Amino acid sequence: MQDATTLWFYLKSASPIYTCTLPPQDERLAQLLEDVRMIRHGSHVFVHLRSEFEWDRAMRLLGENKAVKTSASTAA
């Protein structure tokens with residue numbers, strides 16, 4: 001039996017902006033990982049998003065609200 005896949009999303013930061021775990025046969029996984037920069041390490045996939053467009057696309061495919069993203073730059 002294959003383990004679930006944990007996705008770690010990064011957007012212009014060293015800390016993940018979003019994480020989620022998908023079951024091993026989740027249909028969204030292949031489409032979600034299509035044409036993104038990523039590193040696979042066991043059942044973990046570290047996705048390095050290059051733009052807000054890629055972030056929007058990932059959240060749309062996951063069926064999530066984009067408001068989950070935290071801003072890397074906050075006003076002091």
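We count residues from 1, following the sequence as given. These figures come from a predicted structure and were not determined experimentally.
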For Ser15, side-chain contact (heavy atoms from CB on, under 4.5 Å) partners two or more places apart: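 Partners of Ser15 by the side-chain contact (heavy atoms from CB on, under 4.5 Å) criterion come out as none, since no residue qualifies.
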
Decide side-chain contact (heavy atoms from CB on, under 4.5 Å) for Phe46 and His41; before the verdict, give the C-alpha distance in whole Å, the side-chain angles of both, and the deciding distance to 0.1 Å. CA-CA 8 Å; Phe46 302 92; His41 184 69; 4.1 Å; yes

So, taking the atom named [atom1] in [X] and the one named [atom2] in [Y], what distance separates them when rounded to the nearest 0.5 Å?
X: Leu11; Y: His48; atom1: CG; atom2: NE2; value: 11.5 Å
X: Leu49; Y: Met38; atom1: CG; atom2: CE; value: 12.0 Å
X: Phe9; Y: Ile17; atom1: CZ; atom2: CD1; value: 8.5 Å

A side-chain contact here means heavy atoms from C-beta on lying under 4.5 Å apart; do [X] and [Y] qualify?
X: Leu7; Y: Leu22; answer: yes
X: Glu54; Y: Met59; answer: no
X: Tyr18; Y: Cys20; answer: yes

Quick test of your reading: applying salt bridge (charged side-chain N to carboxylate O under 4.0 Å, His left out), list the pairs with at least one residue in residues 14-24, sequence neighbours left out, ordered by first then second residue. none

Tell me which pairs pass salt bridge (charged side-chain N to carboxylate O under 4.0 Å, His left out) where either residue lies in residues 27-47, with sequence neighbours left out.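 Sorted result for residues 27-47: Asp26-Arg28.
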
To check you understand the geometry: which heavy-atom pair defines the closest contact between [X] and [Y], and what is its length?
X: Ala58; Y: Leu32; result: CA-CD1, 3.5 Å
X: Lys12; Y: Arg50; result: CE-O, 4.4 Å
X: Trp8; Y: Pro16; result: CE3-CG, 3.9 Å

Using side chain to side chain donor-acceptor pair (under 3.5 Å), reason through Ser43 and Thr5 one step at a time and then give a plain yes or no. CA-CA 5 Å; Ser43 63; Thr5 301; over 6 Å; no

Between Ile39 and Val45, does a side-chain contact (heavy atoms from CB on, under 4.5 Å) hold up when you go through it step by step? CA-CA 6 Å; Ile39 298 170; Val45 179; over 6 Å; no

